[in-house]
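Here the structure is a predicted model, which is why all the values come from computation and not from measurement.
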Amino acid sequence: MRLNIKYTRTLILLAVIVLGGSCKKFLDEQDPSNLTPDTYYTIPEHAEAAVAAAYAQTRFIGNGAGIFAANFSMLELVTGTAKTETGQNSDLNNLVGLSYTGDNLLVRNWWQGLYSVIAQTNLVLERVPGINPMDATRKNQILGEAKFLRAWSYFYLVRLYGDVPLILTPQTATSENFYPTRTSSEEVYNQIIKDLKDAEEAGLPWTDKSGRANKAAAKSLLSKVYLTMAGFPLNKGAEYYKLSSDKALDVINNSGINLFPKYADLHNLADENSGEHIFEIQYLATVQGNPMQQLLLPNFKDVSAYSDEIGSTVPTVQFYNSYEAGDLRAKDREGFFYTSYYSGGNGPLKQLNAPYIFKHFDLVANGTLGVAGTTQSDLNWPQIRYADVLLVYAEAQNRADGSPNAKAYEAVNAIRTRAKLAPVAGLNQAQFENAVLKERWHELCYEGVTWFDMIRLRKAYNEATNSFENFVGHKFADNATVVLGEKHLLFPLPTVEYRNNPNLRPQNPGY
């Protein structure tokens, strides 16, 4: 079957509706009634709406995946640091048990969602250059934003599925490449690098409060790409660790971005698209609200204004208990977790007897003491955070140079200082890397990062021993019968795509 890439007027018009309506978002509403395929891509406003459609497509991450599930859960449930409190969704439970196949709805949705973003960016990149007259600076920025989003999409795809079709032009039923073959991972990575380098030079601002792609986001993502290429499966080694550290250091030294002083700022509406948040998926309740709030709540424990509290993705107790004593990130309702909350969202405090994710908790939507929740969430979903950039730099510099320098210590200790932990010092290369990886697991949990660290490092965190062990053979702390195998280094190609497009064969090993 062809890739699920749709080039319809409906998708383009969707941008005008979905991304309009607030001063914090980057498009005002426009009247779409005069747009037709024959008149589109003729004026600058069409370019703006077209790239907005690409941003809108990134929201597939929060879209539903059957009853009581959304796509974001896939990247958490396979790490062993998360579980589900609902038994009704077999796809969720198969992810937790590592028994998923290409029939899994979340596996299919990630493939289709990412290629939908790519489809829209390919349209922008082909058609926007021909719009004249149009301000040249703004045109170049739009093309840079499209290339960033295409790179963002392919970076997910190549890490999830390995060799994937590299589609760089719009496709129709008559396209020569309508049934594409798989492209080598290295070639996909090379295109990702090219797109991000182009985005760097596209005249984008360092940061953008409206939520658009920006120069810091392009450089930060490129540092993550180089770090991934340095490890498995490409094993590019020291040269790419150096490229990664240099790019991350560029952001550290030149962007003016800093860590938030408080963890509460991470889910404060006033701080969206600013400070530590380098790039986020945008939500606005009056257009398309954040759908993850109910899914992250405890399973029907009445701690929110929401009537549907799902417990779709929650921390394992073992991972929560692995935080160092005194770590502020594990402090109830102050760090990344909560073990108590207010009845109905705004009433008396009640104990929950288990940890839940506070990092993405919307106080306005859920409610807080004495203030009823609105059940309408504007909270964005993080994709690139400055804490990640600091830890990328620390890991990459240590690997590239053979030992940590003062700047690397400064980076990792900035993370630890905010957590109220003692700084690390006097470590050799292996000890320092181990310290950095522990911070990555404990700082970046439940942000879609941990699984990809496990893949590029071929390591998994053992909560009981507070150490790292081989990926293959790692047993989940919450259920020791669940064991990671060689096959889990890649997800299977979605069955519906694989069956209908013979050019996608062979299937990934083990499926």
Side-chain angles (χ1 to χ4, degrees), residues 60-110 113 160 290-304 306-322 330 336-341 352-362 365-366 377 379 381-382 441-442 444-452 454 460-461 463 474-485 488 491-492 494:
F60 82 87
I61 285 179
N63 288 351
I67 187 171
F68 300 149
N71 295 321
F72 80 89
S73 293
M74 186 177 86
L75 299 183
E76 306 303 339
L77 296 178
V78 291
T79 65
T81 66
K83 61 180 182 178
T84 182
E85 289 185 337
T86 178
Q88 289 92 331
N89 189 303
S90 60
D91 288 322
L92 278 184
N93 288 298
N94 287 338
L95 288 166
V96 174
L98 298 180
S99 58
Y100 51 84
T101 68
D103 292 318
N104 189 286
L105 182 57
L106 289 85
V107 171
R108 184 172 77 211
N109 286 351
W110 272 89
L160 289 170
N290 178 323
M292 277 80 87
Q293 294 302 312
Q294 305 99 304
L295 297 174
L296 295 173
L297 291 168
N299 187 245
F300 295 108
K301 288 188 170 63
D302 187 30
V303 293
S304 173
Y306 287 102
S307 60
D308 48 343
E309 300 177 341
I310 307 304
S312 177
T313 303
V314 303
T316 63
V317 172
Q318 293 87 345
F319 180 70
Y320 172 73
N321 288 338
S322 71
F336 295 164
F337 305 89
Y338 63 106
T339 56
S340 66
Y341 207 68
L352 302 174
N353 302 314
Y356 296 92
I357 299 170
F358 200 56
K359 179 184 279 187
H360 306 299
F361 193 91
D362 188 339
N366 288 294
S377 179
L379 195 63
W381 192 257
W441 254 252
H442 291 108
L444 303 173
C445 57
Y446 314 118
E447 295 184 47
V449 173
T450 303
W451 177 250
F452 296 123
M454 293 168 68
Y461 179 58
E463 294 92 340
H474 171 73
K475 297 179 179 180
F476 283 7
D478 192 59
N479 184 350
T481 65
V482 179
V483 184
L484 286 167
H488 300 119
F491 280 90

Peer 1: Indicate, with yes or no, if the rings of Trp441 and Phe319 have centres closer together than 6.0 Å.
Peer 2: no
Peer 1: Test Thr339 against Asn353 for side-chain contact (heavy atoms from CB on, under 4.5 Å), laying out the working first.
Peer 2: CA-CA 6 Å; Thr339 56; Asn353 302 314; over 6 Å; no
Peer 1: The criterion is ring pair (Phe, Tyr, Trp, His ring centres under 6.0 Å); which residues satisfy it with Tyr306, sequence neighbours excluded?
Peer 2: none
Peer 1: Does the cation-pi check pass for Lys359 over Phe336, that is, NZ or CZ under 6.0 Å from the six-membered ring centre and within 45° of its axis?
Peer 2: yes
Peer 1: Give the minimum heavy-atom separation between Val303 and Pro298, together with the two atoms involved.
Peer 2: CG2-CD, 3.8 Å
Peer 1: Just wondering, do Lys83 and Val314 contact through their side chains at under 4.5 Å, heavy atoms?
Peer 2: yes
Peer 1: Between Glu463 and Tyr320, do the side chains contain an N or O donor and an N or O acceptor separated by less than 3.5 Å?
Peer 2: no
Peer 1: What's the verdict on side-chain hydrogen bond (donor to acceptor under 3.5 Å, both in side chains) for Asn366 and Gln293, showing C-alpha distance, side-chain angles and the deciding distance?
Peer 2: CA-CA 8 Å; Asn366 288 294; Gln293 294 302 312; 2.9 Å; yes
Peer 1: Considering non-hydrogen atoms only, spot the tightest contact between Gly62 and Pro291 and give its length.
Peer 2: O-CG, 3.0 Å
Peer 1: Hey, is the main chain of Tyr446 close enough, under 3.5 Å, to the side chain of His360 for a donor-acceptor pair?
Peer 2: yes
Peer 1: Examine the side chains of Asp478 and Thr316 and answer whether a donor and an acceptor come within less than 3.5 Å of each other.
Peer 2: no
Peer 1: Main chain of Ala65, side chain of Asn89: is a donor-acceptor contact present, judged purely on distance under 3.5 Å?
Peer 2: yes
Peer 1: Consider only side-chain N and O atoms of Asn63 and Asn71, and report whether a donor and an acceptor are under 3.5 Å apart.
Peer 2: no
Peer 1: Does a donor on one side chain sit under 3.5 Å from an acceptor on the other, for Lys301 and Tyr356?
Peer 2: yes
Peer 1: Would you give the length of the straight line joining atom CG of Leu296 to atom OG of Ser73, rounded to the nearest 0.5 angstrom?
Peer 2: 7.0 Å
Peer 1: Roughly how far apart are Met292 CE and Leu295 CG, rounded to 0.5 Å?
Peer 2: 8.5 Å
Peer 1: Quick one: are Phe361 and Leu297 in side-chain contact, heavy atoms under 4.5 Å?
Peer 2: yes
Peer 1: What is the minimum heavy-atom distance between Val107 and Pro494, and which atoms define it?
Peer 2: O-CG, 3.9 Å
Peer 1: Report yes or no: does Glu447 contribute a side-chain atom to a donor-acceptor pair with the main-chain N or O of Pro382 at less than 3.5 Å?
Peer 2: no
Peer 1: In sequence, state the C-alpha distance, the side-chain angles, and the governing distance for Ile357 and Tyr338, and then conclude on side-chain contact (heavy atoms from CB on, under 4.5 Å).
Peer 2: CA-CA 6 Å; Ile357 299 170; Tyr338 63 106; 5.7 Å; no
Peer 1: Over all heavy atoms of both residues, which pair between Met454 and Leu484 is shortest? Give the atoms and the distance, please.
Peer 2: CE-CD1, 3.6 Å
Peer 1: According to side-chain hydrogen bond (donor to acceptor under 3.5 Å, both in side chains), who are the partners of His474, at least two apart in sequence or on a separate chain?
Peer 2: Glu469
Peer 1: What pair of heavy atoms forms the shortest contact from Val78 to Phe476, and how long is it?
Peer 2: O-CZ, 3.2 Å
Peer 1: Please answer whether the main-chain N or O of Asn299 pairs with a side-chain N or O of Glu85 as donor and acceptor at a distance below 3.5 Å.
Peer 2: yes
Peer 1: Look only at the side chain of Gln88 and the backbone of Ile67, and say whether a donor-acceptor pair between them is shorter than 3.5 Å.
Peer 2: no
Peer 1: Measuring from Met74:CE to Leu105:CG, what's the distance to the nearest 0.5 Å?
Peer 2: 11.0 Å
Peer 1: Go through Tyr461 and Ser322 one step at a time and tell me if the side-chain contact (heavy atoms from CB on, under 4.5 Å) criterion holds.
Peer 2: CA-CA 10 Å; Tyr461 179 58; Ser322 71; 3.6 Å; yes
Peer 1: Are side-chain heavy atoms of Asn104 and Asn94 found at a separation under 4.5 Å?
Peer 2: yes
Peer 1: Any side-chain to backbone donor/acceptor pair from Asp362 onto Ser377? Under 3.5 Å, distance only.
Peer 2: no
Peer 1: Hey, what do you get for CZ (Phe68) to CD (Glu309), rounding to the nearest 0.5 Å?
Peer 2: 12.0 Å
Peer 1: For Thr79 and Thr81, test the side chains for any donor-to-acceptor distance below 3.5 angstrom and give the result as yes or no.
Peer 2: yes
Peer 1: If you take all heavy atoms of Ile310 and Phe300, which pair is closest and at what distance?
Peer 2: CD1-CZ, 4.5 Å
Peer 1: Let me see the working for Ile61 and Trp110 under side-chain contact (heavy atoms from CB on, under 4.5 Å), right down to the final yes or no.
Peer 2: CA-CA 7 Å; Ile61 285 179; Trp110 272 89; 3.8 Å; yes
Peer 1: So Leu92 and Thr86, do their side chains get closer than 4.5 Å, heavy atoms only?
Peer 2: yes
Peer 1: Only one of Leu77, Thr84, Leu75, Leu95 passes side chain to side chain contact (heavy atoms under 4.5 Å, CB included) with Thr313; say which it is.
Peer 2: Leu77
Peer 1: Heavy atoms, side chains only, cut-off 4.5 Å: are Leu160 and Phe452 in contact?
Peer 2: yes
